[in-house]
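I have placed the structure first, in the form of structure tokens, so that the comments after it can refer back to it.
Every chain is numbered from 1 and lettered A, B, ... according to where its sequence line falls, protein lines coming before strand lines. Note that these values count all heavy atoms, side chains included, but never hydrogens, waters or copies made by symmetry. From a predicted model like this one, the values you see are computed outputs, not experimental measurements.
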Number of protein chains: 2
Amino acid sequence: MELSERQRRILKAIIESYIDTAEPVGSKSLAVSFDSPISSATIRNEMSELEERGLLEKPHVSAGRVPSYAAYRLYVNELMERHRTAYSELEQIRRRMQDIMREMDDIMVSAARVVSEMTNYTSVSVLNRRGGGRVKKCELIAMDEGWSYAVVLVGEREVRHKLLHLTAPVEPSMAAMLSTAVNLAIAEGRLEYLLPSMLHGIGAQSGMYMLIKGVIDFIRQTENASDVAEVYVSDTARLLDNREYQDIQRMRELLDYMSDRSNVRDMVSRGAPERINIRIGPELDEPSMRDVSLVFTTYAVDRDTKGIIGIVAPTRMDYAAACAKLAAFAKAVSGMNELGEKIKDTGEDDEYRNGKPGGEA
Amino acid sequence: MELSERQRRILKAIIESYIDTAEPVGSKSLAVSFDSPISSATIRNEMSELEERGLLEKPHVSAGRVPSYAAYRLYVNELMERHRTAYSELEQIRRRMQDIMREMDDIMVSAARVVSEMTNYTSVSVLNRRGGGRVKKCELIAMDEGWSYAVVLVGEREVRHKLLHLTAPVEPSMAAMLSTAVNLAIAEGRLEYLLPSMLHGIGAQSGMYMLIKGVIDFIRQTENASDVAEVYVSDTARLLDNREYQDIQRMRELLDYMSDRSNVRDMVSRGAPERINIRIGPELDEPSMRDVSLVFTTYAVDRDTKGIIGIVAPTRMDYAAACAKLAAFAKAVSGMNELGEKIKDTGEDDEYRNGKPGGEA
DNA sequence: TGTTAGCACTCGGAAGCTAAGAGTGCTAAA
DNA sequence: TTTAGCACTCTTAGCTTCCGAGTGCTAACA
């Protein structure tokens with residue numbers, strides 16, 4: 001049977017109270033907080049039904065109720081009110097983003113900072129590059145008399161560099177030629193023939209060979225980086241703010257898990273694009289993350305680069321606020337140029353439903 | 001009066017036991033751990049004298065003694081045995097460093113990782129660039145039809161890049177000219193005349209003007225970066241391992257403080273170069289750092305770049321091990337090329353004495 | 001039939017108490 | 001000068017008690 005309207009209202013009130021105070025919610029205190037007066041006894045009855053359905057739990061018999069994970073799921077799917085984001089706020093996010101990017105030149109880190117500041121939660125930021133033919137140009141810059149070279153690759157909207165230290169020197173003029181050759185090969189899409197075609201002229205020990213090889217390896221590496229995602233986690237210390245984390249051991253496990261970038265990447269990579277994704281505690285399938293939720297979304301950086309920005313916070317985080325802020329962020333950043341009419345529907349067309357369908361608790 | 005030899009031995013034993021177990025040390029348990037049998041009563045007498053001198057403290061009357069900060073100071077200054085570092089270990093550090101640098105291309109982060117792995121403590125890593133005439137070369141790379149440029153600066157052993165987004169396009173050929181002009185100006189050391197001399201030909205609104213200005217600003221910024229230090233803190237989560245940090249509030253304060261890079265930079269910038277510096281708890285003059293010590297040293301990256309690498313751990317950290325590892329690290333990295341005879345004196349000529357002279361507790 | 005008041009019951013947490021144990025300081029003897 | 005012995009102190013763990021918040025049930029009420 002479906003939940004009654006009143007049950008939904010009660011559940012929503014419980015969840016929001018718990019989000020607010022982190023204290024188990026009792027029937028009496030809840031009763032007074034309602035506009036239309038319902039007695040605590042009625043609430044108790046409803047509560048016990050909600051408990052039977054696995055939506056509430058009691059830490060112990062006389063401590064009030066606490067929402068279960070399934071309840072949070074229901075909450076974000078059906079109960080939660082979406083916040084509107086004012087145009088002014090979008091503008092503000094945009095400006096903040098531009099400010100920080102001016103000093104950082106790294107959209108991933110900037111995004112993490114901005115979101116972390118906006119929400120007061122720990123944020124995770126991932127930059128995903130689609131692989132394939134991305135590198136447009138390559139420059140070689142001599143550093144110390146031909147023993148080291150800076151290799152600079154330019155992609156769509158992005159620059160990467162790497163230092164190559166050689167064991168045999170290469171004349172800068174030689175390197176310039178080489179650079180031209182490589183760029184030509186890139187333009188004509190026949191990079192793979194370059195190395196073999198040059199090899200018979202020069203020894204495999206020569207600095208030149210090493211330089212070409214280094215450059216080509218770096219290009220390959222950058223291009224094949226279809227899932228070479230960069231990961232940045234900002235402000236982990238904020239996780240310590242949460243009351244539920246009195247258990248320092250579990251905290252430690254959580255921080256440990258999060259400090260491994262590949263874990264973070266994996267978690268957010270299974271999200272639906274262009275949606276606000278919510279993963280609540282156990283849905284993440286990772287013991288150390290059992291007590292936190294992850295809310296994240298993607299934003300377009302350019303045609304081949306996708307940013308993922310998210311929040312990690314205890315399961316009782318303020319989902320509504322988190323979703324609103326992330327949606328606003330994605331809007332503000334993706335639409336950096338055509339920020340206009342599209343604003344009006346912020347939050348309305350976002351699809352929060354996902355995670356495991358139906359709370360099977 | 002000076003401490004007697006026996007007192008010193010007892011103090012040393014107490015400190016080392018406390019470093020080991022984090023438990024207050026009692027007279028009885030200490031008595032049995034000595035080779036030459038001293039009775040617990042004797043030790044008690046000595047202990048109470050050490051306490052009068054401010055070297056020991058009791059958490060409460062029946063809990064054994066705990067070293068005071070002054071005792072740690074004395075310990076690192078006079079009592080501690082310096083570990084020798086085997087040649088093989090240096091070799092190992094060097095290899096590890098090379099491995100990590102291969103994948104990271106960032107000496108600062110690599111150093112932090114290596115040290116943190118070696119010691120199992122949280123590590124801090126700072127890269128300090130001396131300012132003044134550093135930029136050797138500059139390249140401009142067009143990205144999308146002249147609207148964006150990648151500016152690449154090459155220094156002694158280092159490459160930095162930045163994206164410039166213009167509001168008016170600049171022809172790539174024009175940019176090439178510009179780049180030549182800038183490089184010429186750099187070579188002749190008259191960069192400051194460049195902008196004024198070009199200004200009257202072009203409008204201040206033009207893309208070209210913005211591009212030159214952007215480039216020159218970036219060069220200035222990079223060059224004036226005499227104290228633009230990059231800071232990296234690795235593995236903060238390890239700080240949570242410590243028994244003394246049951247107090248989550250103080251932990252939080254500590255992490256907060258450390259997450260501000262400028263704080264970290266300030267802490268390590270006041271160190272004597274080429275020495276192992278030790279700052280014990282209160283010597284750091286920062287309330288949230290009261291219960292941790294900082295051990296750090298410098299290593300040369302190149303003529304104008306100085307790396308600082310350090311460890312942050314509870315005051316009862318293993319100073320001897322920390323010093324040895326850091327000394328080894330600095331040796332291994334600084335001497336990357338001429339690793340040989342100089343190895344033998346590892347640890348012997350390092351000067352650990354510093355911090356506030358004399359423990360005035 | 002749904003809602004509410006009332007009441008007995010449960011259980012966790014705080015407060016208070018006790019006993020055990022570790023460690024000290026002092027004294028007196030070796 | 002060192003040591004053995006002993007009285008004393010103080011923390012900690014374990015136990016008990018008590019309070020109160022919150023529940024579940026029943027019976028009355030709308």
Practice task
Would you mind reading off the distance between I43(B) atom CD1 and dT3(D) atom P, rounded to a whole angstrom?
Solution key: 9 Å

Fill in the blank from the handout: Taken in chain and number order and not counting sequence neighbours, the residues that satisfy side chain to side chain contact (heavy atoms under 4.5 Å, CB included) with R8(A) are E2(A), L3(A), E5(A), E78(A), L79(A)

Handout entry: Polar side-chain atom of S234(A) near backbone of S116(A) as donor-acceptor pair, under 3.5 Å
Key = no

Problem - Which residue lies more 5' along DNA chain D, comparing P24(A) with T42(B) via nearest heavy atoms - result: T42(B)

Problem - Ion pair R53(B)/E49(B), N-O distance below 4.0 Å - result: yes

Exercise for the section: Among residues two or more places apart or on two chains, list those pairs meeting salt bridge (charged side-chain N to carboxylate O under 4.0 Å, His left out) that have a residue in residues 60-69 of chain A. Expected result: E51(A)-R65(A)

Problem - Range on DNA chain C touched by chain A, heavy atoms, distance below 4.0 Å - result: dT3(C) to dG12(C)

Completion exercise
F296(B) meets the ring-ring contact (aromatic ring centres under 6.0 Å, His included) criterion, sequence neighbours left out, with none

Practice task
Pick base, sugar-phosphate or nothing for K28(B), based on heavy-atom distances below 4.0 Å to the nucleic acid.
Solution key: nothing

N/O-N/O pairs, protein side and nucleotides 10-19 of chain D side, under 3.5 Å:
| from | atom 1 | to | atom 2 | distance (Å) |
| --- | --- | --- | --- | --- |
| dC10(D) | O2 | S62(B) | OG | 2.8 |

Exercise for the section: Please state how far atom CD in Q7(B) lies from atom P in dT1(D), giving the value in whole angstrom units. Expected result: 12 Å

Problem - Gap between atoms CD and C1', on E57(A) and dG22(D) respectively (whole Å) - result: 17 Å

Practice task
Report yes or no: does S40(B) contribute a side-chain atom to a donor-acceptor pair with the main-chain N or O of S27(B) at less than 3.5 Å?
Solution key: no

Practice task
For E283(A) and I280(A), indicate whether the former's side chain and the latter's backbone hold a donor-acceptor pair under 3.5 Å.
Solution key: yes

Handout entry: Any S27(A) side-chain N or O less than 4.0 Å from OP1/OP2 of dG22(D)
Key = no

Fill in the blank from the handout: Contacts of D260(A) meeting salt bridge (Lys or Arg N to Asp or Glu O under 4.0 Å) (sequence neighbours excluded), chain-then-number -> none

Exercise for the section: Evaluate the criterion salt bridge (Lys or Arg N to Asp or Glu O under 4.0 Å) for residue pair D266(A) and R270(A); output intermediate values, then yes/no. Expected result: CA-CA 7 Å; D266(A) 290 351; R270(A) 279 169 288 162; over 6 Å; no

Practice task
Starting at atom NZ of K58(A), determine the distance to atom C1' of dG22(D), rounded to an integer number of angstrom.
Solution key: 9 Å

Practice task
Report the distance from atom CD of E51(A) to atom P of dG22(D), rounded to the nearest whole Å.
Solution key: 15 Å

